[in-house]
*Asks:* 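My structure is below; once you've seen it, I'll send some questions.
Quick note on labels: first sequence line is chain A, next is B, and so on, each numbered from 1. Everything numeric here is computed off the predicted structure, so don't read it as measured data. The figures here come from the full heavy-atom set of this structure, side chains too, leaving out hydrogens, waters and symmetry mates.
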Amino acid sequence: MLDIQLLRTDLDHIAARLTSRGHTFPIAQFNALEAQRKSIQTHTQALQAKRNATSKQIGIAKQKGEDVSAIMAEVAQLGDELKQAENQLASIQAELQQILLVTPNLAHDSVPEGKSDADNREIRRWGTPRTFDFAIQDHVSIGESLGLLDFATAAKLSGARFNVMKGGIARLHRALAQFMLDTHVQEHGYTEVYVPYLVNAECLRGTGQLPKFEEDLFAVHAGSSSLSDSTVPTEQHPFKLHLIPTAEVPLTNIVREEIIPLEQLPLKLVAHTPCFRSEAGSYGKDTRGLIRQHQFDKVELVHIVHPQKSYEALEQLVSHAENILQKLALPYRVMTLCTGDMGFSAAKTYDIEVWLPAQNTYREISSCSNCEAFQARRMQARFRNEKGKPELLHTLNGSGLAVGRTLVAILENYQNADGSVTIPSALQSYMGGLDQLAIESGQ
RNA sequence: GGAGAGAUGGCCGAGUGGUCGAAGGCGCUCCCCUGCUAAGGGAGUAUAGGCUCAAAAAGCUUAUCGAGGGUUCGAAUCCCUCUCUCUCCGCCA
């Protein structure tokens with residue numbers, strides 16, 4: 001959420017900056033609402049002040065045993081007028097809030113202008129894609145040939161965009177998550193956290209998925225009775241929870257409505273969770289294989305930091321994600337997303353793209369963002385600053401890494417001519433010393 | 001699922017309709033005294049908004065005692081709904 005003060009004082013400029021992100025800010029509507037808000041709020045508060053003063057007088061007079069009927073009469077008709085003003089004010093403020101809740105973050109100055117991923121800027125590359133002297137397979141045929149990856153069964157169980165892994169691939173998948181978690185905890189100083197996979201709407205509003213992107217989420221409700229007995233879902237009585245689309249949601253919301261002591265900063269949190277995405281609107285995209293699934297595992301990194309440290313933290317965060325790829329010897333490049341390609345909450349985002357030989361291209365495997373105070377303002381997540389005053393935190397998140405896509409990268413980059421897959425040395429200790437997946441080893 | 005208790009400021013804790021944003025204590029900050037690890041005295045110490053103001057400072061003002069609604073001229077205090085915590089019983093991985 002943007003600071004409404006900023007919009008009041010510098011609206012045209014802010015609106016122009018939002019345009020570069022592909023967002024059209026309703027300037028006229030906002031101005032009209034603000035004008036109304038101002039006059040109605042002033043009026044409401046004047047009425048409230050009058051009521052308070054009069055009531056106080058009644059109290060004093062009564063205690064002295066004086067007759068209060070005259071004052072009572074004076075204030076009698078105040079009630080209706082006040083109630084009406086309060087209601088008007090509440091509805092205008094709700095409208096303003098609604099505008100703010102669907103307005104994306106402002107891009108940082110260092111973010112390149114652009115419309116789509118074609119305008120993203122490559123900032124570095126690591127590793128050299130391997131050259132193969134045999135006809136390579138993609139991860140689907142590698143996995144299916146090994147008998148360890150089974151999309152047909154997954155479709156029977158749940159439908160499209162799910163997968164069943166078995167034997168060595170299932171274990172490799174588990175090994176990857178363990179390896180990432182251990183690396184971040186032991187080498188990068190993160191605190192491992194276990195979190196709920198079902199969260200309430202306030203969490204999703206806090207990190208920015210709601211109210212705008214509900215169609216991307218899965219929702220569940222407890223039992224069937226909750227829905228059938230005409231329960232009206234309201235903010236106060238939510239009957240449904242959402243499956244997390246990323247551990248960013250529960251991890252970041254840990255500090256929602258909290259004031260963190262300065263000396264506890266920065267918080268560096270890591271969690272391994274499944275993630276659930278409806279992938280509405282991506283029909284026909286990446287339909288083959290593990291790249292785009294309704295359910296996938298991810299190791300997520302979150303930093304909760306002092307505002308002055310957040311860009312420094314972003315560089316660290318990216319380097320932590322990169323370190324995983326380096327340890328696995330997977331070639332990658334780092335991109336700065338342009339204004340038009342960034343997510344809703346981000347002020348600046350680096351994507352890490354891993355080399356996928358079968359696609360002959362780099363594909364996103366991590367996205368690291370500094371959200372500055374955007375999420376913190378929605379969440380009222382603050383710290384006590386050097387002067388002892390509460391101030392909004394900055395929040396960052398990044399994948400470290402997407403486990404399923406890392407698995408894809410390993411299968412494809414480490415494939416051998418005979419259809420086996422070499423296990424990267426960094427993972428062998430997590431695989432009981434196993435150094436390759438071959439048909440006989442996976443059973 | 002059944003029965004009961006509770007939720008107040010950074011913390012503890014008082015407050016059951018009236019000058020309460022809230023006693024007292026602890027903690028913290030500043031000052032004074034003392035003078036040398038202690039003790040004493042004084043002052044201050046919530047958050048979010050709005051308006052005035054070029055801005056800062058300041059002033060005025062509103063809201064907030066788990067959340068939402070209600071009663072009332074007036075609610076921390078009364079009523080309703082909800083959430084969460086704790087205790088006991090039942091069930092359960």
*Asks:* Taking NZ from A:K56 and C1' from B:G17, how many angstroms apart are they, rounded to a whole number?
*Replies:* 16 Å
*Asks:* Considering only the P atoms, how many Å lie between B:A93 and B:G6, rounded to the nearest integer?
*Replies:*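 Comparing P positions in B:A93 and B:G6 gives a spacing of 34 Å.
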*Asks:* Work out which heavy atom in A:S367 is nearest to a heavy atom in A:S399; give both atom names and the distance.
*Replies:*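 That closest heavy-atom pairing would be N-OG, 3.1 Å.
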*Asks:* Look at the aromatic rings of A:H320 and A:H188 and report parallel, tilted or perpendicular, splitting at 30° and 60°.
*Replies:* parallel
*Asks:* Given B:G74, is OP1 or OP2 found less than 4.0 Å from the side-chain N or O atoms of A:N52?
*Replies:* no
*Asks:* Hey, what's the ring geometry for A:H294 with A:F162, parallel, tilted or perpendicular (30° and 60° as the breaks)?
*Replies:* tilted
*Asks:* Rounded to the nearest Å, what distance is computed from the CZ atom of residue A:R256 to the C1' atom of nucleotide B:A67?
*Replies:*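 Rounded to whole Å, this separation is 13 Å.
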*Asks:* Say you pick atom C1' in B:A38 and the same atom in B:C33; how far apart are they, in whole Å?
*Replies:* 14 Å
*Asks:* As a quick check of understanding, evaluate side chain to side chain donor-acceptor pair (under 3.5 Å) for A:Q93 and A:Q88, giving each step before the final call.
*Replies:* CA-CA 9 Å; A:Q93 287 192 315; A:Q88 267 182 44; over 6 Å; no
*Asks:* Work out how far the C1' atom of B:A3 is from that of B:G21, and round it to whole angstrom.
*Replies:*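 Taking atom C1' in both B:A3 and B:G21, they lie 37 Å apart.
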*Asks:* Reading RNA chain B from 5' onward, which residue's closest nucleotide shows up sooner: A:T44 or A:I58?
*Replies:*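 Looking at the nearest nucleotide for each, A:T44 comes out on the 5' side.
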*Asks:* Give me the distance, rounded to whole Å, that separates B:A57 from B:G74 when you measure between the P atoms they each carry.
*Replies:* 36 Å
*Asks:* Round to a whole Å and report the spacing from CD of A:E202 to P of B:U83.
*Replies:* 13 Å
*Asks:* Rounded to the Å, how far apart are A:D80 CG and B:U72 P?
*Replies:* 11 Å
*Asks:* Can you check the distance between B:C30 and B:U85, where both ends of the measurement are the C1' atom (answer in whole Å)?
*Replies:*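 My reading of the C1' atoms in B:C30 and B:U85 gives 39 Å.
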*Asks:* If I pick the C1' atom on B:A75 and the same atom on B:A63, what distance separates them, to the nearest angstrom?
*Replies:*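 These two C1' atoms come out 14 Å apart once rounded.
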*Asks:* For A:E86 and B:G74, give me the distance from atom CD to atom P, rounded to whole Å.
*Replies:*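 These atoms are roughly 10 Å apart.
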*Asks:* Is a salt bridge present between A:R382 and A:E258, judged by a nitrogen-to-oxygen distance below 4.0 Å?
*Replies:* no
*Asks:* For atom P, what is the distance between B:C32 and B:G15, given to the nearest Å?
*Replies:*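 Looking at atom P only, B:C32 and B:G15 are 39 Å apart.
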*Asks:* Counting the atoms with a prime plus P, OP1 and OP2 as sugar-phosphate, which does A:K83 contact under 4.0 Å by heavy atoms, base, sugar-phosphate, or nothing?
*Replies:*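 Result for A:K83 = sugar-phosphate.
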*Asks:* Can you tell me, in whole Å, how much space there is between the C1' of B:U47 and that of B:G10?
*Replies:*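 So the two C1' atoms sit 13 Å from each other.
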*Asks:* Mind running side chain to side chain donor-acceptor pair (under 3.5 Å) on A:K348 and A:S110 for me, showing each step along the way?
*Replies:* CA-CA 8 Å; A:K348 182 171 186 176; A:S110 64; 2.8 Å; yes
*Asks:* Going by atom types alone, do A:Q436 and A:Y414 pair a side-chain donor with an acceptor below 3.5 Å?
*Replies:*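 Note: A:Q436 and A:Y414 side chains miss the donor-acceptor criterion.
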*Asks:* Dot-bracket for RNA chain B, 5' to 3', counting Watson-Crick or G-U wobble pairs under 3.5 Å, with [ ] for crossing pairs and | for inter-strand pairs?
*Replies:* ((((((((.[[[..)..(.....]]]((((((.......))))))(((((((.....))))))).[[[[[..)....]]]]])))))))....
*Asks:* Can you measure A:R51 atom CZ to B:U71 atom P for me and round it to whole angstrom units?
*Replies:* 13 Å
*Asks:* Assign a letter to each nucleotide of nucleotides 44-50 of chain B from its 5' end: B, base within under 4.0 Å of a protein heavy atom; S, sugar-phosphate only; -, no contact.
*Replies:* ---SSBB
*Asks:* Measure from CD on A:Q48 to P on B:G74 and round the result to the nearest Å.
*Replies:*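 From A:Q48 CD to B:G74 P: 12 Å.
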*Asks:* Please give me the minimum heavy-atom distance between A:A409 and A:V354, naming the atom from each residue.
*Replies:*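 Result for this residue pair: CB-CG2, 3.9 Å.
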*Asks:* Using heavy atoms to find the nearest nucleotide of RNA chain B for A:Q63 and A:A49 separately, return the residue whose nucleotide is more 5′.
*Replies:* A:Q63
*Asks:* Does any N or O donor sit under 3.5 Å from an N or O acceptor when you compare the side chain of A:K62 with the base of B:G18?
*Replies:* yes
*Asks:* Please confirm whether the ring centroid of A:F344 lies under 6.0 Å from the ring centroid of A:H23.
*Replies:* no
*Asks:* Would you check if there is a donor-acceptor pair between the side chains of A:H242 and A:Y197 at a distance under 3.5 Å?
*Replies:* no
